[in-house]
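For reference, the structure is listed below as structure tokens.
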2 protein chains.
Amino acid sequence: MSDWTLHRGDALTLLHTLPTGSVDAVITDPPYNSGGMTATQRTNDTTRGKYVSGDAKHALPDFDGDTRDQRGYLAWMSLVLGQCYRLAREGGPLLIFADWRQVPVTSDALQAAGWTWRGIVPWHKPIARPAKGGFRRACEYVLWATKGSVDANRNPVYLPGLVTGSQPRGEKRQHITQKPDEVMAELIRICAPEGTVLDPFTGSGSTGVAALASGRAFVGIELSDRYATVARHRLASIQTTAA
Amino acid sequence: MSDWTLHRGDALTLLHTLPTGSVDAVITDPPYNSGGMTATQRTNDTTRGKYVSGDAKHALPDFDGDTRDQRGYLAWMSLVLGQCYRLAREGGPLLIFADWRQVPVTSDALQAAGWTWRGIVPWHKPIARPAKGGFRRACEYVLWATKGSVDANRNPVYLPGLVTGSQPRGEKRQHITQKPDEVMAELIRICAPEGTVLDPFTGSGSTGVAALASGRAFVGIELSDRYATVARHRLASIQTTAA
DNA sequence: CAAGTATATGAATCCCGCT
DNA sequence: GAGCGGGATTCATATACTT
């Protein structure tokens, strides 16, 4: 039987209400607060303007919480990851997505929150826009950290140093920054078998889908009503197929 | 005809003596000052102790300049990259290698020196040791920056967002941290055709080899007598075969 | 000579025990 | 109690070697 909960509301507020030591792993993809070179671009554009090419035809809704500058992002993310630290059990892992621009500030935030930084796992997207006069931006980055020392005996896995997968397209794509299932299926293995995974920025719920599909439990938080509904549908359908 | 110079001595000292605006690109692989979880390990151990596996049989010599902590590394690298900035022409690119732990401090240093950060290109090494209970450390990172705006018309290339290649082995390997030729051959294309490439940490000279082999000129600096000699031999042999 | 087999090893890290 | 050294770990790949 699948086991999941999805809270709708602000991540920082709701994290305070959850019990200490109640999750085995935290895997999340926060709003990057990136995408614009200038502060004005970052705060004025909608998320669609920043992350979706002008010629894209699909019509996915914007998401909130994407208007912070780097200092604000550091302060906010430190608080969020500090709460996640409290909720995680000793030795539990954290995986957090970041684009290239947010890798330094994200590494600062997770360390400020008490996590021990363990490494970077690039996520390679084979389908990426070419860039004239320079390097294609084909990767995002997953920062890996642990609460204290690695508990290799509890979860003796050998995971790859690089994950590959293209973003879902067409019907399958429910969120602007949705992660491919095969990528999440690799990453979820960092959580001990049958453990509970927390994702305070659930979005369309790809982390939860991977957790349930692999026999793990899931606790999610999502601010947007619309995406919370999308995530509930996806999670419920896993429950059905896995039962 | 190949065109190269190799200065033997301290990078920071010698960079001051080179003329402003004299190079088209800076591509370098500094000592990472990494390796080891504790400050003592990082600053006291030799490069062999830090970077060479306990069961390795090769006898490559240590290299110097790898004993700084993060603050020292930031200060020193900012000065070095500031001089590189002076030497680069307007619009010229910088590529600098870093391991996962040094990505944030390296991005700080290059921006402190005036460069505009443009992205990260992961270098994937398929041959990497597995890690129990976590992710294999299979990547190093190339940080890409420019002096001012990207000059895409001068060098209208389309470069990959990820490079792959295994370290040279056996006879071909002359340095503990030698980069594979196929990786350098990709990266060198960021320099305008027939331009001049600067590498203030030449090591065994892989950057120079890629530059000369692709019809570019090369200016190198190397502290160690021993590696300067190795680099001179490699560069001279390219000169012969390319002539 | 092609194909299959054996071997070496990596910009480590963790754990343990001694100083 | 912190610092330090020694030993085990274990997979993808290049290379050498054998059939």
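Hydrogens, waters and symmetry mates play no part in the numbers below; they use all other heavy atoms, side chains included. Here is the naming used below: chain letters follow the sequence lines, and residue numbers restart at 1 for every chain.
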message: So, OP1 or OP2 of C:dT13: does either fall under 4.0 Å of a side-chain N or O from B:Arg101?
response: yes
- request: Output the single nucleotide from D:dA12, C:dT13, C:dA12 whose closest atom is nearest the side chain of B:Trp100.
  value: C:dT13
field: Proximity to the side chain of B:Lys132 - top-ranked nucleotide from C:dT13, D:dT10, D:dT13
entry: D:dT10
query: Does B:Ile238 reach the side chain of B:Arg234, with side-chain heavy atoms less than 4.5 Å apart?
result: no
statement: Of D:dC11, C:dC14, C:dA8, the nucleotide closest to the side chain of B:Pro130 is D:dC11
query: So, B:Asp199 side chain and B:Gly220 main chain: donor-acceptor pair closer than 3.5 Å or not?
result: no
query: Taking the side chain of B:Lys172 as its heavy atoms from C-beta onward, which of D:dT13, D:dT15, C:dT13 lies nearest to it?
result: D:dT15
message: Looking only at side-chain N and O atoms, does B:Ser34 offer a donor or acceptor that is under 3.5 Å from a partner on B:Asp99?
response: yes
field: Distance, rounded to the nearest Å, where B:Phe135 contributes CZ and C:dT13 contributes P
entry: 15 Å
task: Would you indicate what B:Arg173 reaches in the nucleic acid, counting non-hydrogen atoms under 4.0 angstrom: base, sugar-phosphate, or nothing?
output: sugar-phosphate
- prompt: Roughly how many Å is it from CG in B:Leu60 to C1' in C:dT9, rounded to a whole number?
  reply: 13 Å
- prompt: B:Lys179 NZ to C:dG10 C1': how many Å, rounded?
  reply: 13 Å
query: Rounding to a whole Å, what distance do you find between A:Tyr158:OH and C:dC14:P?
result: 13 Å
Side-chain atoms of residues 210-218 of chain B: list all donor-acceptor pairs with protein atoms under 3.5 Å, sequence neighbours left out, distances to 0.1 Å.
{"from": "B:Ser214", "atom 1": "OG", "to": "B:Ala210", "atom 2": "O", "distance (Å)": "2.9"}
{"from": "B:Ser214", "atom 1": "OG", "to": "B:Ala211", "atom 2": "O", "distance (Å)": "3.0"}
{"from": "B:Ser214", "atom 1": "OG", "to": "B:Arg216", "atom 2": "NH1", "distance (Å)": "2.8"}
{"from": "B:Arg216", "atom 1": "NE", "to": "B:Cys191", "atom 2": "O", "distance (Å)": "3.0"}
{"from": "B:Arg216", "atom 1": "NE", "to": "B:Ala192", "atom 2": "O", "distance (Å)": "3.4"}
{"from": "B:Arg216", "atom 1": "NH2", "to": "B:Cys191", "atom 2": "O", "distance (Å)": "2.8"}

message: Tell me the interatomic distance from B:Ile127, atom CD1, to D:dA14, atom P, rounded to whole angstroms.
response: 6 Å
message: Just the rounded figure in Å: distance from C1' of D:dA16 to CZ of B:Arg169.
response: 12 Å
query: For B:Lys125 and C:dG10, what is the distance between atoms NZ and C1' respectively, to the nearest whole Å?
result: 8 Å
task: Tell me what B:Ala131 touches on the nucleic acid: a base, only sugar-phosphate, or nothing, going by heavy atoms under 4.0 Å.
output: nothing
- request: For B:Pro30, answer base if it contacts any base atom (sugar-phosphate contacts may also be present), sugar-phosphate if it contacts only those atoms, and nothing otherwise; contact means non-hydrogen atoms under 4.0 Å.
  value: base
- request: Would you indicate whether the side-chain heavy atoms of A:Gln102 and A:Met77 approach each other to under 4.5 Å?
  value: no
task: Calculate, to the nearest 0.5 Å, the distance between atoms OG1 and OH belonging to A:Thr177 and A:Tyr32 respectively.
output: 6.5 Å
task: For B:Arg137, answer base if it contacts any base atom (sugar-phosphate contacts may also be present), sugar-phosphate if it contacts only those atoms, and nothing otherwise; contact means non-hydrogen atoms under 4.0 Å.
output: sugar-phosphate
task: Could you label the plane-to-plane angle of the B:Tyr227 and B:His175 rings as parallel, tilted or perpendicular, counting under 30° as parallel and over 60° as perpendicular?
output: tilted
query: Taking atom types as modelled, is there a side-chain donor on B:Arg173 or B:Ser204 under 3.5 Å from an acceptor on the other?
result: no
query: Considering only side-chain heavy atoms of A:Arg118, which listed nucleotide, D:dC11, C:dC14, C:dT13, is closest?
result: C:dC14
query: B:Arg136 CZ to D:dT13 P: how many Å, rounded?
result: 8 Å
statement: Encoded 5' to 3' (Watson-Crick or G-U under 3.5 Å; [ ] crossing; | other strand), DNA chain C becomes .|||||||||.||||||||
